[in-house]
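Below you'll find the structure, written out as structure tokens, and then a few comments.
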Amino acid sequence: MDSAAPKDEGSTWDVVVVGGGPVGCAVGLELRRHGVRCLVIEKDAVTPRYPVKAMLLNPRTLEFMRRWGIADDIRAAATTPEGWRKGVTFATSLTGKDLGHFRDGFDFRASEEGDDVSEGAQVIMQPDTLRVMRAALLESGATYRDGVTVDEVVDGPDGVVVTMTDQATGGVSTLHAAYVVGADGPQSIVRSTAGIQRSGRGGIAANLLLHFRVEGLLDEAGPTPAAFTSLTSPAGSALVVPIDRETWCAHVAGHPVDVDVDKLDVEAIVRRIIGADRPFEVVYAGAYKIHERIADEYRAGRLFIAGDAAHLYAPFGGHNMNSGFGDAVNLGWKLGAVVNGWADDSLLDTYGPERRPIAVTNATEASSNVARFVGAARGIIEEMTGTDVDAPGVEAEARRRGWGDRLWQGTKLQYVARGITLDQRYVSAAVADDDGDVAPWTSMTYTPSAKPGHRLPHVWLEDGSSLYDHLAPGLTLLAAPSASVSAERFRQAAVAAGTPLEILEINDLALRVKCGAPLVLVRPDQHVAWRGHGVEDADAVLAVATARTVSTGVSGAA
């Protein structure tokens with residue numbers, strides 16, 4: 001679909017986003033939240049239903065969806081049966097023996113997690129996520145064009161010139177933009193034009209990706225329903241996700257990087273995954289390579305990259321696309337601040353230093369998840385071999401549960417990654433760090449902290465609303481009643497500097513304890529820019545929050 005009439009050749013945009021996948025749409029949604037005039041260009045005229053690799057939106061991503069007003073729409077669009085949207089089950093096959101079910105992964109249930117998150121995770125297939133996001137993008141006032149190939153991106157002193165071809169007509173046109181964001185995947189033309197190199201390992205291994213359809217499987221007695229079913233048996237291992245009541249997705253790890261799918265007995269692999277003699281249809285069979293590739297820079301002049309254009313890592317843990325959403329929000333608000341005139345271009349220099357370290361950590365964790373998955377399964381399979389895995393009796397059941405417990409402990413970091421999800425810590429010129437104590441970072445755990453650079457601790461307020469729902473599109477100053485004098489200084493400084501700032505009085509004692517100070521300045525991405533007990537030079541604090549300068553006058557930090 002071409003959602004808007006093509007603009008005249010030579011038309012000018014604040015921001016052009018190359019790539020209309022989930023991350024590109026996320027950049028567009030964040031830009032529109034800040035009133036930025038933007039165009040999103042997508043090369044594919046039709047989004048295929050298969051293959052599907054990305055199928056988990058973590059709680060942090062759902063918090064972004066909430067800020068765009070589409071979290072409920074995302075949940076409504078999910079096709080995975082309701083009873084199969086939570087937890088992790090270990091089993092021998094989809095109809096075989098249950099080795100154990102574990103419910104404490106992925107933070108699916110926000111209501112059971114206390115204050116930590118405003119939204120729980122959601123299993124949803126990428127095409128369904130994309131459908132909701134594109135609809136919201138159009139409703140937001142962005143322009144979206146698909147079936148268009150970007151041929152050239154030229155950065156110059158007066159802006160960026162983008163040359164593109166309409167695939168249906170063959171017509172070539174150009175447009176101009178103040179900035180261009182490449183969310184155009186691993187072979188990004190924006191990244192190559194910018195001359196940005198990538199570091200890390202490419203083609204570490206390959207996973208087989210299968211989609212198959214089988215009727216009635218969900219209605220049979222079998223392993224405990226789960227969002228993710230990890231299969232281990234002497235016949236092999238796989239990670240399986242239900243797409244809908246009849247369709248399943250399976251990741252089969254441990255293949256060489258040059259695997260030829262056509263030479264594999266795919267039907268035999270699907271048959272052992274199902275574990276029973278049932279008619280089935282393979283709707284997709286392919287392979288994908290596992291990479292650890294991170295762009296050395298995220299910016300070159302007026303060109304930026306995000307999502308797969310900036311980083312690639314293994315899908316085990318679901319970190320790559322979710323990382324892309326974090327890129328989109330971080331870059332989107334900063335572009336909005338610069339375009340709207342309340343921050344200097346130097347703020348955009350903080351995008352890479354804040355986001356790239358997150359990608360490096362996540363890439364390592366994702367590859368480790370694959371290794372742990374394969375290693376844990378290999379050890380159990382050795383014990384299963386020669387054993388009657390399906391044997392009846394208490395002793396056999398205890399042995400199976402023991403295998404399940406060990407598989408869970410061996411692969412738990414794939415499913416419990418609250419540090420990766422909620423504890424992203426930024427260090428840059430846009431953060432006024434302090435010497436406050438903070439818990440050591442781990443991939444599994446999250447301890448709320450308002451130390452500058454951290455995600456603002458979330459709480460549910462007395463009226464049942466989320467704290468995040470009250471944060472402004474610009475800067476927000478959380479102020480205890482005792483800090484009213486300093487809050488007024490901030491208000492006056494913001495007016496004088498033309499910086500959008502809203503003051504939110506906080507009476508919630510639990511939140512004030514978590515914040516560690518009566519004043520907390522929050523950025524548009526819900527990360528803390530500064531905190532303190534009082535301030536004399538509010539303009540200096542605002543300058544740091546927008547990277548206008550690095551001032552030694554910033555004080556009052558906790």
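Just so it is clear, the model here is predicted, and its values are computed rather than measured. Only this structure's heavy atoms are used, side chains among them; waters, hydrogens and symmetry mates stay out.
A donor-acceptor pair is defined here as one N or O able to donate and one able to accept, closer than 3.5 Å; such a pair exists between the side chain of Ser368 and the backbone of Thr364. Remark: the backbone N or O of Asp184 is not paired with any side-chain donor or acceptor of Ser188 at under 3.5 angstrom. The backbone N or O of Leu461 lies less than 3.5 Å from no partner atom in the side chain of Ser465, so there is not a single donor-acceptor pair. Looking at Trp342, its side chain never comes within 3.5 Å of a backbone N or O of Pro500 through a donor-acceptor pair. At distances below 3.5 Å, not a single donor-acceptor pair connects side-chain atoms of Asp349 with backbone N or O atoms of Asp345. In terms of modelled atom types and a separation under 3.5 Å, the side chain of Asn362 and the main chain of Asn320 share no donor-acceptor contact. In this structure, the side chain of Asp508 engages the main chain of Leu511 through a donor-acceptor pair within 3.5 Å.
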Subject >> Asp128 and Arg49: CA distance, side-chain angles, deciding distance, salt bridge (Lys or Arg N to Asp or Glu O under 4.0 Å) verdict >> reply: CA-CA 9 Å; Asp128 298 314; Arg49 181 66 183 170; 2.9 Å; yes
**OP:** Might you work through the side-chain hydrogen bond (donor to acceptor under 3.5 Å, both in side chains) test for Thr476 and Glu502, ending with a clear yes or no?
**Re:** CA-CA 5 Å; Thr476 302; Glu502 292 190 15; 5.9 Å; no
**OP:** May I have the step-by-step check of side-chain hydrogen bond (donor to acceptor under 3.5 Å, both in side chains) for Arg134 and Tyr144, ending in yes or no?
**Re:** CA-CA 8 Å; Arg134 284 181 177 170; Tyr144 175 86; 2.9 Å; yes
Original post:
Is there a side-chain hydrogen bond (donor to acceptor under 3.5 Å, both in side chains) between Arg60 and Gln424 once you walk through the steps?
Top reply: CA-CA 10 Å; Arg60 186 63 178 139; Gln424 299 181 19; over 6 Å; no
Subject >> Audit row: Tyr351, Arg356, side-chain hydrogen bond (donor to acceptor under 3.5 Å, both in side chains) steps and yes/no >> reply: CA-CA 8 Å; Tyr351 166 56; Arg356 189 178 186 277; over 6 Å; no
**OP:** Before giving the answer on side-chain contact (heavy atoms from CB on, under 4.5 Å), spell out for Leu62 and Asn58 the whole-Å C-alpha distance, their side-chain angles and the decisive distance to 0.1 Å.
**Re:** CA-CA 6 Å; Leu62 261 294; Asn58 68 32; over 6 Å; no
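Using a 30° and 60° split on the angle between ring planes, Phe490 and Trp530 fall in the tilted class, from 30° to 60°. Taking the six-membered ring where tryptophan is involved, the planes of Phe64 and Trp68 are tilted, since the angle between them lies from 30° to 60°. The aromatic rings of Tyr284 and His211 sit tilted relative to each other, their planes meeting at an angle between 30° and 60°. Between Phe90 and Tyr415, the ring planes lie perpendicular to each other; the angle is over 60°, past the 30° to 60° tilted range.
With salt bridges taken as basic N to acidic carboxylate O contacts below 4.0 Å, none links Arg293 and Asp308. Under 4.0 Å is where a charged nitrogen must lie from a carboxylate oxygen, and between Arg37 and Asp14 no such pair does. A salt bridge does not link Asp423 to Arg418: none of the charged nitrogens lies less than 4.0 Å from a carboxylate oxygen. The pair Arg191-Glu297 does not count as a salt bridge, with every side-chain nitrogen at least 4.0 angstrom from each carboxylate oxygen. Salt bridge Lys334/Glu354: present, at least one basic N to carboxylate O contact under 4.0 Å. The pair Arg66-Asp469 meets the salt-bridge criterion, with a side-chain N (NZ, NE, NH1 or NH2) lying under 4.0 Å from an Asp/Glu carboxylate O. A salt bridge does not link Arg75 to Asp72: none of the charged nitrogens lies less than 4.0 Å from a carboxylate oxygen.
Of all heavy-atom pairs spanning Arg425 and Ala439, the tightest one is NH2-O, 2.8 Å. Closest approach of Glu42 and Gly19 over heavy atoms only: OE1-C, 3.8 Å. Nearest approach of Leu456 to Cys515, heavy atoms of both residues: CD1-SG, 4.4 Å.
Take Ala136 and apply the side chain to side chain contact (heavy atoms under 4.5 Å, CB included) test, not counting sequence neighbours, and it matches Leu29, Ile70. For Thr224, the side chain to side chain contact (heavy atoms under 4.5 Å, CB included) partners at least two apart in sequence or on another chain are Thr89, Asp98, His101. Ala328 is linked by a side chain to side chain contact (heavy atoms under 4.5 Å, CB included) to Ala26, Val27, counting only residues two or more places apart in sequence or in another chain.
Test Tyr50, Phe212, Trp248 against Ile243 for side-chain contact (heavy atoms from CB on, under 4.5 Å) and you get one pass: Tyr50.
A heavy-atom distance below 4.5 Å is found between the side chains of Tyr313 and Ile294. Contact annotation: the side chain of Val431 never approaches that of His527 to less than 4.5 Å [non-hydrogen atoms, C-beta and beyond]. Residues Thr47 and Gln126 fail the side-chain proximity criterion, which asks for heavy atoms closer than 4.5 Å. The shortest distance between side-chain heavy atoms of Val150 and Val162 falls below 4.5 Å. For the pair Phe304/Val190, no side-chain contact is recorded, criterion being any heavy-atom separation below 4.5 Å from C-beta on. Side-chain contact between Ile41 and Val16 is present, with at least one heavy-atom pair separated by less than 4.5 Å.
Side-chain polar atoms of His311 and Ser323 form no donor-acceptor pair below 3.5 angstrom. A donor-acceptor contact under 3.5 angstrom links the side chains of Tyr288 and His251, judged on distance only.
Between His470 and Tyr468, a ring centre-to-centre spacing not shorter than 6.0 Å is recorded.
In this structure, Arg302 is positioned above the aromatic face of Tyr179, its NZ or CZ under 6.0 Å from the six-membered ring centre and within 45° of the axis.
More than 12 heavy-atom neighbours from other residues, nucleotides or ligands sit within 6.0 angstrom of NZ on Lys451. Heavy-atom contacts from other residues, nucleotides or ligands closer than 6.0 Å to CD of Glu215 number 12 or fewer.
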